[in-house]
Protein chains: 2
Amino acid sequence: MLARLLRQMPPTARAARAAMGVRRLAAMPLHPQKKFASKYFDVEEVMFADQPEQIVRGGRTLFPKLPAALEGVKQIGVIGWGSQGPAQAQNFRESLEGSDIKVKVGLREGSSSMKAARACGFTEEKGTLGEMYKVISESDMVLLLISDAACVEEYKNVFKALKPRTTLGLSHGFLLGHLESVHEQFPADVDVVLCAPKGMGPSVRRLYEQGREVNGSGINASFAVHQDVTGRATERALAWAVGVGSPYIFQTTLNAEWRSDIFGERCILLGGVHGMIESLFRYYESHGMAAHEAFKTSGEVITGPITRTISHDGIKAVHDNLSPADRQIFKTAYCASYTPSRSIIEECYDSVSSGNEIRDVVMAAKRFDKYPMGCIDNTRTWKVGAEVRKAGGTPEQRKAVPVNPLTAGVYCAMMMAQIDCLYDRGHVYSEIVNESVIESVDSLNPYMHARGVSYMVDNCSVTARLGSRKWAPRFDYILTEQAFPAIDAKAAPDEALFQRFLAHPVHDMLKTCSSLRPSVDISVS
Amino acid sequence: MLARLLRQMPPTARAARAAMGVRRLAAMPLHPQKKFASKYFDVEEVMFADQPEQIVRGGRTLFPKLPAALEGVKQIGVIGWGSQGPAQAQNFRESLEGSDIKVKVGLREGSSSMKAARACGFTEEKGTLGEMYKVISESDMVLLLISDAACVEEYKNVFKALKPRTTLGLSHGFLLGHLESVHEQFPADVDVVLCAPKGMGPSVRRLYEQGREVNGSGINASFAVHQDVTGRATERALAWAVGVGSPYIFQTTLNAEWRSDIFGERCILLGGVHGMIESLFRYYESHGMAAHEAFKTSGEVITGPITRTISHDGIKAVHDNLSPADRQIFKTAYCASYTPSRSIIEECYDSVSSGNEIRDVVMAAKRFDKYPMGCIDNTRTWKVGAEVRKAGGTPEQRKAVPVNPLTAGVYCAMMMAQIDCLYDRGHVYSEIVNESVIESVDSLNPYMHARGVSYMVDNCSVTARLGSRKWAPRFDYILTEQAFPAIDAKAAPDEALFQRFLAHPVHDMLKTCSSLRPSVDISVS
């Protein structure tokens with residue numbers, strides 16, 4: 001069904017490339033190098049625009065297959081209790097209910113998270129909570145969900161503690177990025193697999209819970225097999241993704257994952273949208289709008305109606321829903337914002353891909369004792385935002401705020417610039433739309449809508465929080481310095497650029513994706 | 001005289017360290033490893049706080065000694081016509097007038113700068129202008145003043161073109177930083193020396209011209225000898241520094257130079273002051289000040305009276321000149337701003353020292369064809385600034401604007417945070433004060449005062465321009481997110497932090513430095 005829908009959608013590869021207006025990199029080292037197969041899960045082959053991909057659909061109906069897919073695994077150790085740990089440990093435990101596979105949480109001795117884990121039913125008495133290295137050394141599958149900084153500090157000891165032929169699971173390729181930068185490797189005698197849910201931990205849990213009522217609700221995930229010594233790495237990685245509730249699972253590589261992930265959160269997912277709202281709020285205020293109105297027109301419009309429209313109907317629908325007059329304003333704003341946004345986005349990709357961002361994160365962690373990360377929502381913009389939320393009526397009323405076409409044009413331009421950058425750099429389409437669109441509208445923006453920017457950003461990983469703090473100001477400045485003056489000067493829009501937007505193959509893909517998504521309410525109360 | 005003055009000044013090493021409130025790094029790899037001597041110039045040994053340094057005083061009276069110090073050099077090739085090229089070529093030529101040493105400018109074939117060089121009297125007819133590789137291959141001393149990006153592209157060809165036993169001169173350690181990052185080295189058969197004027201090219205020229213009337217006017221420079229195959233490298237480097245008009249020359253290493261230079265311009269020299277003014281302007285406007293008043297209170301106060309006070313009387317004088325009531329506001333603002341500023345400053349130093357910033361610059365240059373650097377003074381802040389300058393009266397009137405104590409506290413805090421960072425990282429004191437204070441108040445801020453932020457930033461190197469664009473927004477955000485809310489909340493000042501400021505050994509040093517400076521007018525018309 002999915003396969004059929006998707007096959008109908010794309011234009012030919014050539015037309016798709018022409019529509020993108022870009023030339024593809026000759027080599028695609030970020031694409032998976034070979035096809036995968038599974039004895040337990042249906043693998044569907046689909047065409048996303050000009051790219052063939054293999055995907056697996058998840059869902060609760062598959063939970064009974066998990067024990068067989070996890071054959072040889074008696075205990076799954078979930079190490080860490082940050083953003084992903086609580087969500088994945090609880091989801092996987094629930095999905096495996098009735099089997100003899102134990103999910104055991106491993107934490108540092110004396111960790112303050114012990115209490116939180118116990119409150120979720122992981123306890124020493126039941127043998128489902130313990131000291132991390134002990135849990136690592138006794139587990140057949142180890143999901144290493146400690147922070148990136150902790151990974152850098154602990155990886156040597158973790159590697160030593162792993163039993164031979166254990167399946168080491170990562171939810172992020174960060175550790176590979178770090179190993180590359182210090183010229184080291186994973187131990188040769190273990191599997192290394194990835195399951196990377198495309199949303200922060202709290203929404204991985206929330207949508208899984210919603211899935212009890214609506215089968216298929218959950219956060220999409222990418223998976224990858226980096227080392228396979230047991231011959232069972234693919235089945236275990238897929239079982240993991242299904243077990244934590246992913247409705248749609250696609251293949252990537254660890255190399256592509258860490259690049260797109262560290263990049264995406266610095267741009268439209270967190271840093272980009274943060275800086276954009278700061279800059280738009282100021283823009284509207286300096287053009288005479290009262291404070292509450294200015295925040296509604298910037299922050300509320302993005303996290304409310306635009307987010308809902310993109311989630312349900314895709315990016316182009318934001319444009320199509322506007323009146324003819326408003327479409328002109330959208331077009332001007334889009335064209336004024338695309339290239340400035342893209343310039344920062346390209347800089348960010350280079351910074352990530354060269355290893356600079358990983359080095360930055362590792363160095364920042366060493367400064368935390370003296371210079372901890374500060375509060376980001378203490379500024380005028382977010383204080384006004386808090387007032388607006390307080391005064392703002394029901395979630396439905398707040399989502400019904402009229403869409404300002406200028407805000408819409410700026411937001412869509414940055415999102416499209418990120419999509420084009422990832423495409424040009426050679427990422428698979430599933431990764432592109434998940435890291436640029438779906439994670440934003442189905443996981444992150446709803447958190448900002450509910451409780452502000454810091455609730456969104458600071459519920460993410462330290463790597464994401466640092467990156468968001470680093471890049472938000474850059475997007476703010478480039479829009480303020482380049483895009484807004486062009487909008488005010490009523491600069492003639494670049495017609496070719498805008499036609500590329502209207503004809504972009506990503507729109508059909510997103511329309512299909514949203515038609516496949518169960519109709520759960522993604523808003524956060 | 002200088003030596004005596006400076007010897008009187010510092011407290012004991014122990015007291016100085018205690019006053020800094022910091023522990024020095026055990027090793028000091030950024031300090032010069034051995035003493036230097038000269039047959040032609042007087043070398044004075046001075047104590048800066050707890051550090052002994054050797055310095056040479058420049059001045060026009062030394063110009064007659066240059067030919068002897070440059071023995072063996074018949075032709076000096078000045079390669080490049082960016083920020084430093086025009087200034088150094090003209091200054092050195094003028095200083096060597098009457099000798100038989102030729103200063104010849106070398107540029108790329110067909111370079112648009114050929115015309116500008118001819119306008120300054122460097123011509124093919126006189127044999128003082130030519131194609132760069134030809135000039136390199138025929139010169140005995142080659143001052144490589146092309147842009148950092150061009151260095152990265154051209155260095156292999158430059159190295160090939162150098163005659164054996166040539167003295168290769170750099171005004172920046174950037175190339176060493178790049179060579180380290182690609183694991184390469186300078187050719188073994190040439191001298192490698194540094195003369196790094198602590199100001200942008202236009203002010204190196206301006207102050208040299210003022211020096212015709214006032215002996216000793218000029219921009220300080222650091223020098224370093226990285227390779228010495230001729231045995232004459234030190235004399236040539238010193239002659240170069242004297243020849244371009246430096247009044248005060250101190251020793252450093254290439255490693256220390258590129259770190260402190262790339263770092264300093266990202267912080268208080270360019271990026272820091274840029275972001276600070278943007279954030280202060282917004283702060284004052286959002287607290288009800290009219291636009292012109294807000295810019296006067298932020299931008300004008302910093303580049304006008306504060307800059308003049310620090311140039312003449314040092315940093316502490318900014319505080320001491322305030323009324324008792326205003327000193328309280330200064331103190332609150334200082335204490336609220338120091339640690340947030342320091343956190344970005346430490347991040348920046350790490351980013352520079354790890355090679356990340358150099359990698360960033362190299363990658364940015366590859367994007368310029370598609371994403372050129374944009375205009376930075378198109379924002380509301382700088383447009384209001386331009387109006388203020390236009391309406392603002394004489395330079396003297398503009399410098400007499402009353403000092404706002406909040407602005408003063410924020411500015412001095414960032415400057416002191418930079419000084420402390422460089423000290424902790426192990427730089428020599430001369431380098432610290434030149435890269436943190438003197439370059440700012442005697443070279444850069446006067447340019448911003450005269451014509452705005454872009455006139456200051458975009459007259460600097462591409463590395464500086466990129467870095468300023470990258471870090472200005474970070475300083476803006478950290479002040480807006482952390483410092484200003486603390487000021488508004490009237491947070492109790494950290495007494496120990498403020499006592500460290502009042503007792504800091506840098507104040508005595510700066511007082512002496514300014515007493516040694518000829519009283520030229522550093523304002524730019």
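Everything quoted here is computed from the prediction, not taken from an experiment.
Looking at B:Q482, only its side chain comes within 4.5 Å of chain A, counting heavy atoms on both sides. The contact between B:R380 and chain A is made entirely by side chain atoms (from C-beta outward), counting heavy-atom distances below 4.5 Å. For a residue to count as touching a neighbouring chain, one of its non-hydrogen atoms must lie under 4.5 Å from one of that chain's; by this rule B:K366 does not touch chain A.
No other option in A:N356, A:I376, A:D377, A:I478 has as many heavy-atom pairs under 4.5 Å with chain B as A:N356. In terms of non-hydrogen atom pairs under 4.5 Å with chain A, the most contact-rich of B:Y371, B:W471, B:Y477 is B:Y477. Listed options B:C375, B:A364, B:G355 were ranked by heavy-atom pairs under 4.5 angstrom with chain A; first place goes to B:C375.
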Could you tabulate the donor-acceptor pairs under 3.5 Å formed by side-chain atoms of residues 274-283 of chain A, not counting sequence neighbours?
{"residue": "A:E278", "atom": "OE1", "partner": "A:T381", "partner atom": "OG1", "Å": "2.6"}
{"residue": "A:E278", "atom": "OE2", "partner": "A:T379", "partner atom": "OG1", "Å": "3.1"}
{"residue": "A:E278", "atom": "OE2", "partner": "A:W382", "partner atom": "NE1", "Å": "2.9"}
{"residue": "A:S279", "atom": "OG", "partner": "A:G275", "partner atom": "O", "Å": "3.3"}
{"residue": "A:S279", "atom": "OG", "partner": "A:M276", "partner atom": "O", "Å": "2.9"}
{"residue": "A:R282", "atom": "NH1", "partner": "A:D476", "partner atom": "OD2", "Å": "3.2"}
{"residue": "A:R282", "atom": "NH2", "partner": "A:D476", "partner atom": "OD1", "Å": "2.7"}
{"residue": "A:R282", "atom": "NH2", "partner": "A:T480", "partner atom": "OG1", "Å": "3.3"}
{"residue": "A:Y283", "atom": "OH", "partner": "A:D488", "partner atom": "OD1", "Å": "2.5"}

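The aromatic rings of A:F174 and A:H178 lie parallel to each other, their planes meeting at an angle below 30°, with 60° marking the opposite boundary. Under the 30°/60° scheme for interplanar angles, the aromatic rings of A:F501 and A:Y334 are found to be tilted.
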Item to complete: Apply salt bridge (Lys or Arg N to Asp or Glu O under 4.0 Å) to A:R342 and A:E346, showing your working.
Response: CA-CA 6 Å; A:R342 180 93 190 251; A:E346 293 287 337; 2.8 Å; yes

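For the pair B:E357/B:D360, a side-chain contact is recorded, criterion being any heavy-atom separation below 4.5 Å from C-beta on.
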